[in-house]
Student: 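The structure follows.
Only a predicted model underlies this, so the values are computations on that prediction, with no experimental measurement involved. Each ligand, and each atom within it, is numbered from 1 in the order the structure gives. No hydrogens, no waters, no symmetry mates; every other heavy atom, side chains included, goes into these values.
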Amino acid sequence: MAENIYPIEDQLVQRSEREAANGHRGAVVWLTGLSGSGKSTIAAAAERKLFERGVFARVLDGDNVRDGLNGNLGFSLEDRCENTRRVAEVAKLFAQTGAVVLCSFVSPTRAMRQTVADIVGPDDFLEVFVNTPLEICEQRDVKGLYAKARAGEIKNFTGIDSPYEAPENPFLELRTANLTVEEAANQLIEALPL
Ligand code: ADP
């Protein structure tokens, strides 16, 4: 514990009290996969469905943290690790507040995802592998990034000139090539141990 820091956790409303009031547990649902695999789309659809069922759910994704909390970070390996660490700390606070946090981040390495699991704790970390073949992600090319990466305008792009390490034992795998967004979101929320 850092010097001169005195946590007051024991004086605060406890997580168990919050979860009892919400009627479900908190958790960090970590969606990992290639750019364009469908992480953000599935997270948004799942958030809406959970909200409609009265679940306290919240999406965290690259775009909503990169311009605020992590606005000073770039895409070097060091900055990507720091980006992941901060997101994990925020997700942990949300989960401890009883929320189901749907995090969509490429998070290409096992080490990065292990960092998240270590920060949020193994009981709260639910790894979801959004498994979509590179060819399909590249066809979709939602943000035009694959075209830029192929043209050499973006370096170290995951799947093109930087590796993606698939999860070995994810909590859930969604193969979106054979699913609609609706089906993928339903599979996700039905699997959640809330
Ligand atoms: P990511 O967040 O992984 O970069 P996005 O969610 O931004 O990916 O983009 C995925 C694209 O693929 C969206 O345009 C979405 O509509 C489309 N798509 C087609 N089928 C699916 C599916 N089954 N699940 C998720 N997205 C799908």
Student: Would you check whether Gly33 reaches within less than 4.0 Å of ligand 1, judged by its heavy atoms?
Tutor: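 It does not; every heavy atom stays at 4.0 Å or beyond.
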
Student: Regarding Asp61 and Arg66, does a basic nitrogen lie under 4.0 Å from an acidic carboxylate oxygen?
Tutor: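 Looking at Arg66 together with Asp61, the answer is no, because their closest N to O distance does not fall below 4.0 Å.
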
Student: Between Lys143, Gln187, Arg140, which one has a non-hydrogen atom sitting closest to atom 19 (C) of ligand 1?
Tutor: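 It is Arg140 that holds the nearest heavy atom.
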
Student: Report yes if the side chains of Glu82 and Asn70 come closer than 4.5 Å at any heavy-atom pair, otherwise no.
Tutor: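 Counting from C-beta outward, Glu82 and Asn70 never come under 4.5 Å.
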
Student: Nearest to atom 2 (O) of ligand 1 by heavy atom, Ala43, Ala185, Ser40: which?
Tutor: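 Among Ala43, Ala185, Ser40, the closest heavy atom to atom 2 (O) of ligand 1 belongs to Ser40.
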
Student: So, is Val142 polar-close to ligand 1, with some N/O to N/O distance under 3.5 Å?
Tutor: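 Such a contact does not occur with ligand 1.
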
Student: Taking only residues two or more places apart in sequence, or in another chain, which ones meet Ser35 in a side chain to side chain contact (heavy atoms under 4.5 Å, CB included)?
Tutor: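 Ser35 satisfies side chain to side chain contact (heavy atoms under 4.5 Å, CB included) with Leu145, Tyr146, Phe157 once adjacent residues are dropped.
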
Student: Please check whether Ala184 reaches ligand 1 - meaning an N/O of the residue sits under 3.5 Å from an N/O of the ligand, judged on distance alone.
Tutor: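 N/O-N/O distance below 3.5 Å does not exist for this pair.
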
Student: May I ask whether Ser104 has any heavy atom positioned less than 4.0 angstrom from an atom of ligand 1?
Tutor: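 Ser104 does not count as a contact of ligand 1 under the 4.0 Å cut-off.
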
Student: Measuring from atom 16 (O) of ligand 1, which candidate in Thr41, Ile136, Leu179, Asp141 has the nearest non-hydrogen atom?
Tutor: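 Of the listed residues, Thr41 has the closest heavy atom.
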
Student: Can you give me the closest heavy-atom contact between Gly26 and Asp124, atom names plus distance?
Tutor: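 Reported closest heavy-atom pair: O-OD1, 3.7 Å.
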
Student: Taking 4.0 angstrom as the limit, do Arg86 and Glu89 come out as a salt bridge?
Tutor: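 Salt bridge absent between Arg86 and Glu89.
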
Student: Heavy-atom distances under 4.0 Å decide this one: backbone, side chain, both or neither, for Leu174 against ligand 1?
Tutor: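 For Leu174, there is no contact with ligand 1 at all, from either part.
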
Student: Relative to atom 24 (N) of ligand 1, which among Leu145, Asn178, Ile42 owns the nearest non-hydrogen atom?
Tutor: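 Shortest heavy-atom distance from atom 24 (N) of ligand 1: Ile42.
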
Student: Who clusters with Ile8? Use side-chain heavy atoms, under 4.5 angstrom, across I, L, V, M, F, W and Y, and order the result by chain and number.
Tutor: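 Grouped by the 4.5 Å side-chain rule, Leu12 form the rest of the cluster around Ile8.
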
Student: Using a heavy-atom cut-off of under 4.0 Å, does the side chain or the backbone of Leu34 touch ligand 1, or both, or neither?
Tutor: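 Backbone only.
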
Student: Could you check which of Gly36, Ser35, Gly38, Gly62 puts a non-hydrogen atom nearest to atom 26 (N) of ligand 1?
Tutor: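 Among Gly36, Ser35, Gly38, Gly62, the closest heavy atom to atom 26 (N) of ligand 1 comes from Gly38.
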
Student: In terms of side-chain geometry, is the basic nitrogen of Arg150 or Glu138 positioned less than 4.0 Å from the acidic oxygen of its partner?
Tutor: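 Result for this pair is yes, salt bridge flagged.
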
Student: Is the contact between Lys39 and ligand 1 made by the side chain, the backbone, both, or neither, using heavy atoms and a 4.0 Å cut-off?
Tutor: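 The answer is both, backbone and side chain.
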
Student: Any donor-acceptor pair under 3.5 Å linking the side-chain atoms of Arg140 with those of Thr176?
Tutor: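 Note: Thr176 and Arg140 side chains meet the donor-acceptor criterion.
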
Student: Does Asp61 come within less than 4.0 angstrom of ligand 1, counting non-hydrogen atoms of the residue?
Tutor: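 So Asp61 does not count as touching ligand 1.
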
Student: Charged N to carboxylate O under 4.0 angstrom, Glu17 versus Arg15?
Tutor: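 Arg15 and Glu17: not salt-bridged.
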
